[in-house]
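All residue numbers in this chain count up from 1 along the given sequence. Treat the numbers as computed from the prediction; the structure is a model and nothing was measured.
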Amino acid sequence: MVVSSAEMKMFDSETIKNGTSSITLMKRASNFMLKNINSSLSTAILVGSGNNGGDGISLAEDLYPLNNNIVVVKVAEPRTDSAKFCLEKIEKLGVNIVDYSADFPLEIYDQIIDCIFGVGLTRDVEGVYKDVINRVNSLNKIVVSCDIPSGLNADNGTTKLAIKATKTVTFGAVKLGHLLNEGKDYTGELFVDNIGIDCSRAKCKIYHKSDFKCYFEPIKQDLHKYTNGKVVIIGGSRNYVGAPLLSNLAVSCLRVGAGLTTLCVPTCIEQAVKERVLESTLFILSDNGENIVYNVDEIDSAILKAKAVAIGMGIGRSSETVKILKHLLQKDIKLLIDADAITMLADNIELLKNKNADVILTPHIAEFSRLINVPIEEIKHNPIEYAVNFAKEYNVTLLLKGVSTLIASEDKVAISPYGNSSLAKGGSGDILSGIILGLLCKNDTYMSGVIGSYILGRCAEILQKELTCYSVIASDIPPTIPKVIKEIMED
């Protein structure tokens with residue numbers, strides 16, 4: 001599960017009300033911290049006034065018998081009862097405790113433990129806190145953050161100044177701020193333990209590889225391509241030929257199990273695309289010299305027997321696109337809407353209100369901003385709420401692409417943290433659409449989005465190790481898909 005700060009406080013409070021003391025939780029947290037730091041290094045533990053600081057003080061109690069070359073640095077005076085209780089204990093042990101000052105020799109310690117702020121911080125960092133965080137970030141040291149890097153917003157991963165951690169050790173569940181916006185860059189390697197706090201009622205879920213095995217069960221032998229499912233891709237225009245991308249998109253559908261992929265493009269790019277299409281069938285649609293034009297007979301012929309259809313990739317922004325989209329929304333199909341088709345929906349959003357198709361939209365944040373007419377920065381501060389509200393209002397699945405991908409339906413929401421910066425290349429989104437489109441043959445829109453996001457992200461993780469984050473390109477991804485599916489099946 002992944003939780004908001006409000007959820008985490010509620011679950012923590014419930015655990016205490018049910019008989020587990022805050023001291024016990026603090027000790028469990030510090031024990032887990034101890035397992036995930038290098039106990040042999042000289043260590044400065046920076047503590048604040050709250051229970052996050054208390055976790056650090058409790059860690060000092062655990063660490064001191066193993067290594068007395070440690071110091072507890074009070075950036076603020078502990079104020080909670082639990083933190084004060086732990087402070088008294090380490091004073092009796094003889095642990096070195098000092099008040100932070102600008103001349104404190106932080107640089108002499110090999111490891112810094114950040115226990116300044118917890119998940120409740122919502123204000124900008126100022127004063128002494130700003131000074132100490134800037135100092136920590138300027139040093140080439142191992143930095144371990146307790147629960148969340150100090151200064152990072154736990155609900156959305158935004159910050160003006162935060163600790164840049166080597167690793168973060170968190171409790172109860174992963175926090176939204178670890179995964180959204182700048183969160184991954186500040187969190188570093190993430191370790192989580194529930195320490196006895198039940199977070200199972202959290203609204204947002206993270207799916208893992210083991211969750212997908214049931215979606216790739218062995219299949220019977222007596223079948224044909226239409227049993228596996230036909231999918232159709234409608235895209236391309238004179239200005240956005242994108243033949244290699246369209247071809248890779250089509251191949252991605254087949255790699256996840258679709259039986260037949262039909263690629264529908266305008267006459268003006270027929271020759272360019274023909275040279276690239278091998279495993280897919282090609283259906284040529286009438287155009288006006290630039291874009292596909294709406295011809296009901298051609299569209300219906302192209303999507304005949306299709307279980308799922310995708311529209312939007314390079315199709316261009318024309319009134320003809322709106323007509324095609326309106327027609328497809330009335331069909332009893334699963335419909336993936338991406339790229340230009342999403343942009344055209346922004347001025348025709350009412351089309352989503354009266355539809356027969358089961359729809360999944362796959363915008364990046366700029367496309368989503370245009371779709372709902374809300375500034376990007378505002379969405380970044382509350383992406384879950386915007387995604388869920390949109391999915392509910394229009395009864396669709398929304399997949400919001402980003403550093404971590406959000407998948408929201410009318411009654412469910414998931415976050416997919418997989419992948420890395422190697423996906424910040426043209427064509428990666430097209431490949432994701434292809435993967436999801438293929439999965440739609442046998443799965444609903446929500447799970448197709450969840451599984452597709454995992455497959456793309458895991459491909460990126462594999463490819464980054466082989467090629468580095470600089471060198472991965474879209475065409476590297478389809479051949480890697482079978483490796484990921486094999487991992488899932490053998491888990």
Side-chain angles (χ1 to χ4, degrees), residues 226 228-235 249-250 253 256 258-264 283 285 292-313 315 317-363 367-368 371-372 387-401 407-412 429-430 432-452:
Y226 286 105
N228 281 332
K230 172 187 172 181
V231 297
V232 174
I233 300 160
I234 303 175
L249 191 160
C253 300
V256 296
L260 176 65
T261 304
T262 297
L263 186 56
C264 302
F283 194 105
L285 296 171
I292 298 169
V293 297
Y294 174 54
N295 182 308
V296 64
D297 293 332
E298 289 182 353
I299 298 296
D300 285 346
S301 180
I303 67 172
L304 185 66
K305 296 184 179 180
K307 290 188 176 179
V309 176
I311 181 172
M313 305 78 175
I315 199 170
R317 302 173 185 180
S318 74
S319 59
E320 296 297 306
T321 299
V322 178
K323 293 175 185 176
I324 297 168
L325 187 56
K326 182 178 181 180
H327 182 72
L328 293 174
L329 284 166
Q330 297 308 312
K331 297 292 183 180
D332 184 18
I333 55 172
K334 293 172 183 173
L335 180 63
L336 186 152
I337 303 174
D338 192 17
D340 288 337
I342 292 176
T343 299
M344 297 310 297
L345 262 182
D347 292 326
N348 300 273
I349 197 69
E350 71 283 352
L351 294 180
L352 290 179
K353 286 290 190 179
N354 299 300
K355 62 184 182 300
N356 292 316
D358 191 2
V359 173
I360 178 170
L361 299 98
T362 57
E367 290 168 334
F368 190 47
L371 192 63
I372 65 175
V388 169
N389 287 346
F390 184 88
K392 286 181 177 178
E393 182 175 358
Y394 295 102
N395 189 23
V396 298
T397 295
L398 180 81
L399 185 146
L400 182 58
K401 294 179 284 195
I407 307 98
S409 70
E410 199 170 10
D411 58 352
K412 296 184 287 288
D430 297 294
L432 175 61
S433 291
I435 293 169
I436 294 171
L437 186 62
L439 292 168
L440 285 172
C441 289
K442 297 178 182 177
N443 305 286
D444 63 30
T445 53
Y446 175 77
M447 282 311 302
S448 294
V450 170
I451 301 167

Nearest heavy-atom neighbours spanning [X] and [Y]:
X	Y	answer
M313	S433	CE-CB, 3.5 Å
G312	A339	O-CB, 3.3 Å
H327	V296	CE1-CG2, 3.4 Å
N395	K355	O-NZ, 3.5 Å
C441	A258	SG-CB, 4.1 Å

Inset, instruction - Apply side-chain contact (heavy atoms from CB on, under 4.5 Å) to A250 and list each qualifying residue two or more places apart in sequence or on a separate chain. - result: I233, T261, S280

Inset, instruction - Dump the intermediate steps for side chain to side chain contact (heavy atoms under 4.5 Å, CB included) on I333 and V232, then the final yes or no. - result: CA-CA 11 Å; I333 55 172; V232 174; over 6 Å; no

[Y] side chain reached by [X] side chain, heavy atoms, under 4.5 Å:
X	Y	result
L351	V322	yes
K401	D338	yes
L432	L399	yes
T445	V359	no
L437	K334	no
D340	S318	no

Kindly compute the distance separating [atom1] ([X]) from [atom2] ([Y]), expressed to the nearest 0.5 Å.
X	Y	atom1	atom2	answer
I292	I315	CD1	CD1	4.0 Å
L328	I337	CG	CD1	8.5 Å
N443	S448	CG	OG	4.5 Å
I324	N295	CD1	CG	9.5 Å
Y394	L371	OH	CG	7.5 Å
D444	D358	CG	CG	7.5 Å

Legend entry - Verdict with reasoning, L285 to I234, per side chain to side chain contact (heavy atoms under 4.5 Å, CB included): CA-CA 9 Å; L285 296 171; I234 303 175; 4.1 Å; yes

Legend entry - Steps toward side chain to side chain contact (heavy atoms under 4.5 Å, CB included) verdict (E350, N348): CA-CA 5 Å; E350 71 283 352; N348 300 273; 4.0 Å; yes

Inset, instruction - Using a strict cut-off of less than 4.0 Å between a Lys/Arg side-chain nitrogen and an Asp/Glu carboxylate oxygen, indicate whether R317 and D347 qualify as a salt bridge. - result: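 Not counted as a salt bridge, because no side-chain N and carboxylate O are separated by less than 4.0 Å.
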
Inset, instruction - Taking side-chain hydrogen bond (donor to acceptor under 3.5 Å, both in side chains) as the test, write out the residues that go with K331, two or more places apart. - result: D300

Legend entry - Passing option when L335 is tested against V309, N356, L440 for side chain to side chain contact (heavy atoms under 4.5 Å, CB included): V309

Inset, instruction - Give me the one residue out of L400, T397, L336, L345 that meets side chain to side chain contact (heavy atoms under 4.5 Å, CB included) with L361. - result: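 Exactly one option meets the side chain to side chain contact (heavy atoms under 4.5 Å, CB included) with L361, and it is L345.
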
Inset, instruction - Using a cut-off of 6.0 Å, state whether more than 12 heavy atoms not belonging to K353 lie near its atom NZ. - result: yes

Inset, instruction - Answer yes or no: are there more than 12 heavy-atom neighbours, outside N354 itself, under 6.0 Å from its atom CG? - result: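 Counting neighbours around CG of N354, 12 or fewer heavy atoms of other residues, nucleotides or ligands fall under 6.0 Å, so no.
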
Legend entry - Exam field: side chain K230 to backbone L304, donor-acceptor pair closer than 3.5 Å: yes

Inset, instruction - Look at the rings of F390 and F368 and say which category their plane angle falls in: under 30° parallel, 30 to 60° tilted, over 60° perpendicular. - result: perpendicular

